[in-house]
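Below is one structure, written out as structure tokens, with a few remarks after it.
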Amino acid sequence: MYREIAVKDFMPLLLEQLKFADSILDVGSGTGTLLERYEAGVVLGLEIHRPYLQHRKYTAPHIIPVHADANHIDKLFLPGTFSAVTLIDSIEHFTMREGAELLRKAEIIASSRVVVFTPRGFFPQEGKDHFHLHGEFYQRHCSGWEPEDFLQRGYAVTVLKGYHHAENPAFREAFGPDHPPLDALLACKTV
């Protein structure tokens, strides 16, 4: 499935994909600003940069911070451990090869669904940590993803037309204030 829509907030679309989930592994959770909006009974926020977890934005006891490298999720979790695995604004921090391998591992760990949200195409970003927690190395973008990259792996893709724009400081820094908006991708696979 492929569709294009124009929305300013992707959260309703994301939450619709996760409404069935009893447990969620959020890969690359950062400070976890979205995690309290997930309705699952158990949410693990996996993050490689420990200061993001130490300054996390969530307090709910069902959200568990996990300090680990996403490349090792297959060694940390057994197949089918979580109802869903999410990669929200995180897959672009891996090379295409690493990202493809991470998707493969996520598809094994998820018992029902893998959900990815990422910019469409390459969105340059490096040398800046918008959380101001010295995570510049982890914030750099190493890949750009197109709908075909997910469609060929069996994902349904929703293109969010013009989602990234000059109101976003990272967008302005990468492209300048007069650059036309860029799309985002929401890719979902039932496993």
Side-chain angles (χ1 to χ4, degrees), residues 1-30 32-47 63 70-71 73-74 76-123 125 141-165 168 170-171 180-191:
M1 183 195 91
Y2 174 90
R3 67 180 177 153
E4 296 182 2
I5 61 173
V7 296
K8 293 193 183 287
D9 182 8
F10 82 99
M11 278 306 291
L13 297 170
L14 174 62
L15 295 176
E16 179 67 24
Q17 294 299 321
L18 299 174
K19 67 181 180 184
F20 70 92
D22 295 325
S23 58
I24 298 172
L25 171 64
D26 187 77
V27 176
S29 62
T33 55
L34 303 178
L35 300 184
E36 286 190 312
R37 297 194 55 195
Y38 291 174
E39 296 177 9
V42 175
V43 177
L44 268 69
L46 185 124
E47 177 56 54
I63 304 173
N71 290 306
I73 59 173
D74 58 328
L76 295 169
F77 306 108
L78 297 171
T81 298
F82 300 95
S83 301
V85 176
T86 59
L87 296 101
I88 308 304
D89 284 327
S90 59
I91 199 164
E92 64 273 12
H93 299 282
F94 297 86
T95 66
M96 289 297 287
R97 189 172 60 84
E98 292 168 337
E101 180 63 10
L102 184 56
L103 289 175
R104 186 189 70 74
K105 292 174 182 178
E107 292 165 13
I108 293 169
I109 292 166
S111 63
S112 295
R113 188 163 294 153
V114 176
V115 181
V116 181
F117 181 76
T118 188
R120 181 180 190 173
F122 188 71
F123 186 133
Q125 178 175 291
H141 289 184
C142 300
S143 61
W145 296 75
E146 292 292 340
E148 299 76 26
D149 297 317
F150 294 106
L151 291 168
Q152 70 186 9
R153 290 177 171 84
Y155 284 73
V157 175
T158 301
V159 176
L160 286 68
K161 298 299 289 176
Y163 185 84
H164 296 288
H165 47 76
N168 176 339
F171 180 94
L182 298 176
D183 301 339
L185 304 176
L186 182 66
C188 305
K189 183 175 184 178
T190 300
V191 293

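Residue indices begin at 1 and follow the sequence shown. Just so it is clear, the model here is predicted, and its values are computed rather than measured.
- When all heavy atoms are compared, the tightest approach of H164 to F171 is O-CE1, 3.5 Å.
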For salt bridge (Lys or Arg N to Asp or Glu O under 4.0 Å), just list the numbers for R104 and E107, CA-CA rounded to whole Å, side-chain angles, deciding distance to a tenth of an Å, and then say yes or no.
CA-CA 5 Å; R104 186 189 70 74; E107 292 165 13; over 6 Å; no
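- For H141 (side chain) and F123 (main-chain N/O), a donor-acceptor pair under 3.5 Å exists by modelled atom type.
- Each of F150, Y163, Y155, W145 was scored for a ring pair (Phe, Tyr, Trp, His ring centres under 6.0 Å) with F117, with one residue passing: Y163.
- Panel note: side chain D89, backbone T118; no donor-acceptor pair is recorded below 3.5 Å.
- In terms of modelled atom types and a separation under 3.5 Å, the side chain of S83 and the main chain of S112 share no donor-acceptor contact.
- In this structure, CD1 on I5 lies 4.5 Å from CG on L13, to the nearest 0.5 angstrom.
- The main-chain N or O of H165 is never found under 3.5 Å from a side-chain atom of N168 such that the two would form a donor-acceptor pair.
- Between the E47 side chain and the G30 main chain, a donor and an acceptor come within less than 3.5 Å of each other.
- Under a 3.5 Å cut-off, the side chain of R113 and the backbone N or O of Q17 do form a donor-acceptor pair.
- S29 places no side-chain N or O within donor-acceptor distance of the main-chain N or O of G32, the cut-off being under 3.5 Å.
- In this structure the side chain of L25 never reaches within 4.5 angstrom of the side chain of T81, judged on heavy atoms.
- The two residues F20 and A84 make their nearest non-hydrogen contact at CZ-CB, 4.3 Å.
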